[in-house]
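Below: the structure, in structure tokens.
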Amino acid sequence: ETQLLALYVYEQYLEWFPEAKNYYTMTFNVAILAYQMEEYARAARLFEKVIKLEPKGQFAVPAAHTVLLSYFKMVNVVAPTEKSADDEEELTERAIPQTEQLLVTACDRYINMAEEGADDVAEAKYTAAKIYYDYNHFEKARTYLEDMYQKHREHPSTPDAARLLLSVFNVTRNIKNLEKWAETFSQDPVVASGDLGEVIKEIRAARDFNRCRQMEFDKEYEKAGDCFMAYFSDFKQSKLGDRALNNAAIMYRNAKLIDK
């Protein structure tokens, strides 16, 4: 209670005397006190004030880092459920709720302010990517997910980031990059193991099928139908064989070639 009272008094002082000597340093120190007391919402507000006072000041980077840590304590970001490319209505970009937007903003800011090898940069990238993915901001998610692999390959979250990156390419129907990254990951034992290893194998095995899908996405329906039929002829017994035959029928119908 004594510490809470002291924190309250300091906050009131900062509010009443914005022209006080050493105001910038005092605001940073009070923010640290709030964080140490696990008053994370109050800490975040004070650290935000430090950054606003002097965006390039002595305490700007540590304030950006600790405000991020404060939001980490307040917002629980779970691994998003992987989306299906077939559910177009669920893939429309959605507004990010305010609480999560505050965290994303803190992540983006810290990533831009901190040096590449600084503490929690990888965590900030992966957290922002998860939120962007969850609300269908796929291009923004892609940037950070690619960064996770290229700049933080040994990080414990990188295999999960790799899996999410493949999902981004799948739901955005970017077959070229889906195959390219699956090939890259297949050569890397850091990510090509366990469940993700099986996903990578399936993507590589479905390469010919995916080429047919690309024709479908490009609305070249007759070519796509012929492609799916050729795939069915070559891989009747594969997991995608029956799906290829069904897709061929849909493509011919779309092309108004019912006779085929």
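For the single chain, residues carry numbers from 1 onward in sequence order.
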Are Glu216 and Arg213 close enough for a salt bridge, meaning some N to O gap below 4.0 Å?
no
Criterion side-chain hydrogen bond (donor to acceptor under 3.5 Å, both in side chains) on Asp120 and His65, from CA distance to verdict:
CA-CA 8 Å; Asp120 299 313; His65 184 202; 2.6 Å; yes
Decide if atom CG of Asp195 counts as having more than 12 heavy atoms of other residues, nucleotides or ligands within a radius under 6.0 Å.
no
Decide yes or no on side chain to side chain contact (heavy atoms under 4.5 Å, CB included) for Glu179 and Arg211, but give the supporting numbers first.
CA-CA 10 Å; Glu179 292 180 351; Arg211 291 197 178 102; 4.3 Å; yes
So which atom in Ala224 and which in Cys212 form the shortest heavy-atom distance, rounded to 0.1 Å?
CB-O, 3.9 Å
Hey, is the main chain of Glu220 close enough, under 3.5 Å, to the side chain of Asp218 for a donor-acceptor pair?
no
For Leu46 versus Ala34, what's the shortest heavy-atom pair and its separation?
CD1-CB, 4.3 Å
Can you label the angle between the Tyr40 ring and the Tyr35 ring as parallel, tilted or perpendicular, going by 30° and 60°?
perpendicular
Side-chain ion pair, Arg45 and Glu48, N-O less than 4.0 Å
no
Shortest non-hydrogen contact between Cys107 and Leu68, atoms and distance:
SG-CD1, 3.6 Å
Within-4.5 Å side-chain heavy-atom neighbours: His152 and Val121
yes
Heavy-atom neighbours of Asp242 CG exceed 12 at 6.0 Å
no
Does Gln12 CD have over 12 foreign heavy atoms under 6.0 Å away?
yes
Taking Asn136 as the fixed residue, which of Glu90, Lys83, Glu93 is the one that meets the side chain to side chain donor-acceptor pair (under 3.5 Å) rule?
Lys83
For Gln150, I'd like to know if atom CD has over 12 heavy atoms of other residues, nucleotides or ligands within 6.0 Å.
yes
With a 4.5 Å limit on heavy-atom distance, are the side chains of Asp188 and Arg153 in contact?
yes
Interatomic distance, CG@Leu69 vs OG1@Thr66, rounded to 0.5 Å, equals 5.5 Å
Here the pair of heavy atoms bringing Ala60 nearest to Ile51 is O-CG1, 4.0 Å
Salt bridge check: are Asp226 and Lys223 linked by an N-O gap of less than 4.0 Å?
no
Please round to the nearest 0.5 Å and tell me the distance separating atom CH2 of Trp181 and atom CD of Glu146.
5.0 Å
Beyond-backbone contact of His155 with Glu123, side-chain heavy atoms, under 4.5 angstrom:
yes
Would you kindly confirm whether Tyr133 and Val191 end up in one hydrophobic cluster when ILVMFWY residues are joined by side chain heavy atoms under 4.5 Å apart?
yes
With rounding to the nearest 0.5 angstrom, report the CZ to CZ distance, Phe47 to Phe28.
5.5 Å
State whether the side chain of Thr158 and the backbone N or O of Glu154 hold a donor-acceptor pair below 3.5 Å, judged by distance alone.
no
Across all chains, not counting sequence neighbours, the side-chain contact (heavy atoms from CB on, under 4.5 Å) partners of Pro97 are Glu100, Tyr135
Looking only at atom types and distance, does a side-chain atom of Ser186 sit under 3.5 Å from a main-chain N or O of Glu183, one as donor and one as acceptor?
yes
Taken to the nearest 0.5 Å, the spacing of Glu39 CD from Lys73 NZ works out to 13.5 Å
Main-chain N/O of Arg94 paired to His137 side chain as donor or acceptor, under 3.5 Å
yes
Hydrophobic cluster identity match, Met229 and Phe209, side-chain contacts under 4.5 Å
no
Asn247-Tyr231 side chain donor-acceptor pair, cut-off 3.5 Å
no
If you look at every heavy atom in Phe185 and Ala192, which pair is closest and at what distance?
O-CB, 3.1 Å
State plainly whether one hydrophobic cluster holds both Val104 and Val75, where clusters connect Ile, Leu, Val, Met, Phe, Trp and Tyr through side-chain heavy atoms under 4.5 angstrom apart.
yes
Side chain to side chain contact (heavy atoms under 4.5 Å, CB included) assessment of Arg142 paired with Asn177:
CA-CA 11 Å; Arg142 170 187 173 176; Asn177 272 311; 3.4 Å; yes
Point-to-point distance, once rounded to the nearest 0.5 Å, from CG of Asn210 to CZ of Arg173
12.0 Å
Flag side-chain contact, heavy atom, 4.5 Å: Tyr149 against Leu165
no
Hydrophobic cluster identity match, Phe169 and Leu240, side-chain contacts under 4.5 Å
no
Would you please indicate yes or no on a ring centroid separation below 6.0 angstrom for Tyr132 and Phe138?
no
On a heavy-atom basis, the closest approach of Ala182 and Ile203 is CB-CG2, 3.5 Å
Distance-only, no hydrogens or angles: does the Thr105 side chain make a donor-acceptor pair with backbone N or O of Gln101 under 3.5 Å?
yes
Carboxylate-amine/guanidinium contact Arg163 Glu82, below 4.0 Å:
yes
When hydrophobic residues are tied together by side-chain contacts of less than 4.5 Å, even through go-betweens, does Phe228 share a cluster with Met215?
no
Applying side chain to side chain contact (heavy atoms under 4.5 Å, CB included) to Ile111 and Asp147, what does each step give before you reach the verdict?
CA-CA 11 Å; Ile111 291 163; Asp147 253 18; 5.8 Å; no
Please check: side-chain N/O of Asn112 versus main-chain N/O of Asp108, any donor-acceptor pairing under 3.5 Å?
yes
Value for CG (Leu196) from CD (Glu198), rounded to nearest 0.5 Å, stands at 10.0 Å
Under the side chain to side chain contact (heavy atoms under 4.5 Å, CB included) rule, what do Val168 and Leu178 come out as? Steps first, then yes or no, please.
CA-CA 8 Å; Val168 165; Leu178 179 65; over 6 Å; no
Side chains of Tyr71 and Thr127: is there a donor and an acceptor less than 3.5 Å apart?
no
Do any N or O atoms from the side chain of Tyr252 and from the backbone of Gly225 form a donor-acceptor pair under 3.5 angstrom?
yes
Side-chain heavy atoms of Thr99 within contact of Leu103, under 4.5 Å
no
